[in-house]
Every structure is written in structure tokens, then in C-alpha cells.
Amino acid sequence: ALPISANEFQSINLRTCFKNKDEHQEDWEVLVKCCSWSRDGARIMVAAKNRLFIFNVETSDLLTELQTTHHTTIQYCDFCTNNQLAAVAVSNYSVELWDTNSTLKIANFSGHLSWVHCVSFSSDGSYLLTCSEDQTIRLWQTSRASKTNAILKQDLDVVFTEERIMILASDETRRLHLFSGKTGDVVCQSDTQESSITCCCLDTECAFAALGDRKS
């Protein structure tokens with residue numbers, strides 16, 4: 001017997017959301033990365049390029065549009081089950097937490113060392129689960145999210161000991177950040193340097209850090 005196909009309710013074409021006078025026609029091809037339901041089933045959230053679209057299910061009307069960090073691509077997204085929060089995994093290895101009502105980014109989760117491919121809220125919204133190509137699964141408390149908007153670069157150093165994993169990384173504002181690799185918490189950060197940081201190194205006791213910049 002042939003399998004029975006479900007009836008399609010409706011279709012939303014995201015290409016129309018990207019067409020404007022500043023974009024060439026070849027840029028209109030849009031890869032839709034993921035989608036997610038709201039708790040009440042009245043809205044759907046759809047991710048494409050570095051934009052997040054929220055549609056009304058019944059009417060297909062665009063309700064909200066969010067734009068993540070410049071020069072990033074959304075890898076995955078998820079609606080929180082009990083409030084207006086949305087979690088978005090982006091291509092700079094971080095996860096952004098957004099308030100879909102105010103359309104404001106309220107926090108960053110930084111700590112993964114490679115692509116984050118999935119994010120998922122707990123049933124009460126107090127925790128966020130993320131998994132990455134760095135072979136780790138991380139559990140975050142949404143109430144303790146870092147409020148920094150720093151975008152980490154790929155120049156970093158890691159120190160492993162029996163008790164801890166420490167990560168030293170630079171950001172686009174010319175600062176160094178020291179993270180706990182187990183919790184993702186920021187331990188400390190440096191002042192802004194005079195020139196862009198090109199490399200960094202952490203000593204084995206995690207007491208000192210060295211850096212190189214574009215001024216040599």
C-alpha cells in the first residue's frame with residue numbers, strides 16, 4: 001500500500017522578505033535553517049541568513065523580524081516554552097538570547113569552541129541546552145546569562161588541568177576574555193588594547209596572559 005500524505009495547510013516564501021533595491025537577484029536565494037513553534041501554537045519562528053522571522057500561523061502575516069550579529073549566519077533557533085524568549089545559535093560559536101516582544105537581544109552565551117547545531121529550552125524556560133561540534137553539550141541558566149555583546153574571535157588558547165578548563169580569547173573590541181570551559185562563565189576581562197589582538201597565550205597556572213597585536 002502507498003503511504004498517505006498529509007495535507008499541506010499553507011506555505012510561506014521567505015524570498016520576499018529579502019528582496020530590496022540594495023540586493024542583487026542572485027542574493028535572493030534563501031536557505032531556511034530551522035523553524036520552531038511558539039508555546040500556544042499561534043506563531044512560528046523561522047531562521048534564514050542572519051535574520052529571524054516570526055509569523056502568525058493562521059494569516060501568514062510577518063509579526064516580528066530580528067537581525068542577529070552582523071556577518072553571522074543562524075544555525076538553529078528555539079522558542080522558550082513559557083515566555084517570549086528565543087534562543088538563536090549563530091556561526092561565531094555563540095548563542096544569542098532575544099526578547100521577541102521588545103525585539104532586543106538580552107544576553108549572549110559564549111563558551112563553545114565550534115559550531116552550535118542545536119539549542120533547546122527546558123520545560124520551564126530556566127535552562128537552555130546547547131550542543132556543538134566541539135564534542136560538548138552545555139547546560140546554561142537563562143537567568144545567569146552574560147550581558148556582554150562581545151563577539152569572540154577564533155584566536156584563543158586553552159589550558160586543561162584536572163580541576164578546570166580555562167579559555168583565553170580576544171574579541172572585536174580589542175579585549176581579552178578569560179572563560180571557564182566547564183561553565184562558560186566569564187572569569188575576567190582585560191581593558192581595551194590600542195590595536196587589534198592577533199594572538200594570545202595563557203600560562204599553565206592561569207595567572208598570566210600574553211598577547212600580540214597588529215602593532216607587533
Side-chain angles (χ1 to χ4, degrees), residues 32-48 50-55 57 63-69 72-152 156 158-169 171 177-189 206:
V32 179
K33 281 285 189 176
C34 64
C35 54
S36 177
W37 287 97
S38 65
R39 178 191 61 169
D40 57 7
R43 297 171 295 163
I44 55 173
M45 178 169 58
V46 184
N50 70 328
R51 300 187 195 179
L52 202 64
F53 303 96
I54 299 176
F55 294 93
V57 173
L63 304 176
T64 306
E65 178 179 341
L66 309 175
Q67 187 164 340
T68 61
T69 304
T72 61
T73 302
I74 296 174
Q75 305 297 311
Y76 201 86
C77 62
D78 189 36
F79 255 128
C80 187
T81 54
N82 69 343
N83 57 34
Q84 73 277 14
L85 296 182
V88 183
V90 291
S91 55
N92 62 8
Y93 308 162
S94 69
V95 176
E96 298 179 356
L97 196 64
W98 287 78
D99 185 317
T100 58
N101 288 348
S102 65
T103 68
L104 295 176
K105 183 172 68 172
I106 60 176
N108 280 346
F109 298 93
S110 298
H112 279 296
L113 303 179
S114 189
W115 304 100
V116 178
H117 286 301
C118 186
V119 295
S120 180
F121 283 99
S122 62
S123 57
D124 63 357
S126 60
Y127 291 94
L128 180 68
L129 189 65
T130 63
C131 65
S132 166
E133 282 189 9
D134 65 7
Q135 303 181 39
T136 65
I137 298 171
R138 294 176 183 266
L139 188 63
W140 313 82
Q141 289 181 278
T142 55
S143 61
R144 294 184 58 199
S146 169
K147 297 300 188 293
T148 177
N149 290 325
I151 303 171
L152 296 182
L156 53 85
V158 183
V159 171
F160 295 90
T161 68
E162 292 183 358
E163 297 82 17
R164 57 185 179 173
I165 302 172
M166 302 305 294
I167 304 166
L168 183 70
D171 68 17
H177 299 259
L178 184 63
F179 292 92
S180 166
K182 292 186 176 181
T183 66
D185 292 338
V186 179
V187 177
C188 61
Q189 66 184 28
C206 301

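We number each residue from 1, following the sequence as shown.
- Looking at heavy atoms from C-beta onward, L139 lies in side-chain contact with L129 at the 4.5 angstrom threshold.
- For the residue pair A42 and S38, the shortest heavy atom distance occurs at N-OG, 3.4 Å.
- Contact check for L97 versus F109: side-chain heavy atoms found under the 4.5 Å cut-off.
- Considering all non-hydrogen atoms of both residues, T100 and R43 come closest at OG1-NH1, 4.1 Å.
- Minimum interatomic distance between M166 and S180 (heavy atoms only, all atoms of both residues): SD-CA, 4.2 Å.
- For the atom pair CH2 (W140) and OG (S126), the distance works out to 15.5 Å, reported to the nearest 0.5 Å.
- Note that CD1 of I74 and CD of Q67 are 9.0 Å apart. Values are rounded to the nearest 0.5 Å.
- For S36 (side chain) and C77 (main-chain N/O), no donor-acceptor pair under 3.5 Å exists by modelled atom type.
- In this structure, NE2 in H117 is found 12.5 Å from SG in C34, a value given to the nearest 0.5 Å.
- Between H177 and S110 there is no side-chain heavy-atom pair separated by less than 4.5 Å.
- Between the side chains of D134 and S132, at least one donor N or O sits under 3.5 Å from an acceptor N or O.
- Considering only heavy atoms from C-beta on, F121 stays 4.5 Å or farther from Y127 through its side chain.
- Annotation: side chain of L52 is not in contact with side chain of W98 (no heavy-atom distance under 4.5 Å).
- In this structure, CD1 in I167 is found 7.5 Å from CZ in F160, a value given to the nearest 0.5 Å.
- The number of heavy-atom neighbours closer than 6.0 Å to CG of L63, taken from other residues, nucleotides and ligands shown, is above 12.
- Rounding to the nearest 0.5 Å places NZ of K105 at 8.0 Å from OG1 of T68.
- L113 places none of its side-chain heavy atoms less than 4.5 Å from the side chain of T136.
- Across M45 and A86, no two heavy atoms sit closer than the pair SD-CB, 3.6 Å.
- Using a 4.5 Å heavy-atom cutoff, the side chains of I165 and V158 are in contact.
- I44 approaches F79 most closely through the heavy-atom pair C-CE1, 4.3 Å.
- Rounding to the nearest 0.5 angstrom, the gap separating the CD atom in Q84 from the OG1 atom in T64 is 11.5 Å.
- Closest heavy-atom contact between A89 and V119: CB-CG1, 3.9 Å.
- Two residues are said to be in side-chain contact when any heavy atoms from C-beta on lie closer than 4.5 Å; Q75 and S91 meet this criterion.
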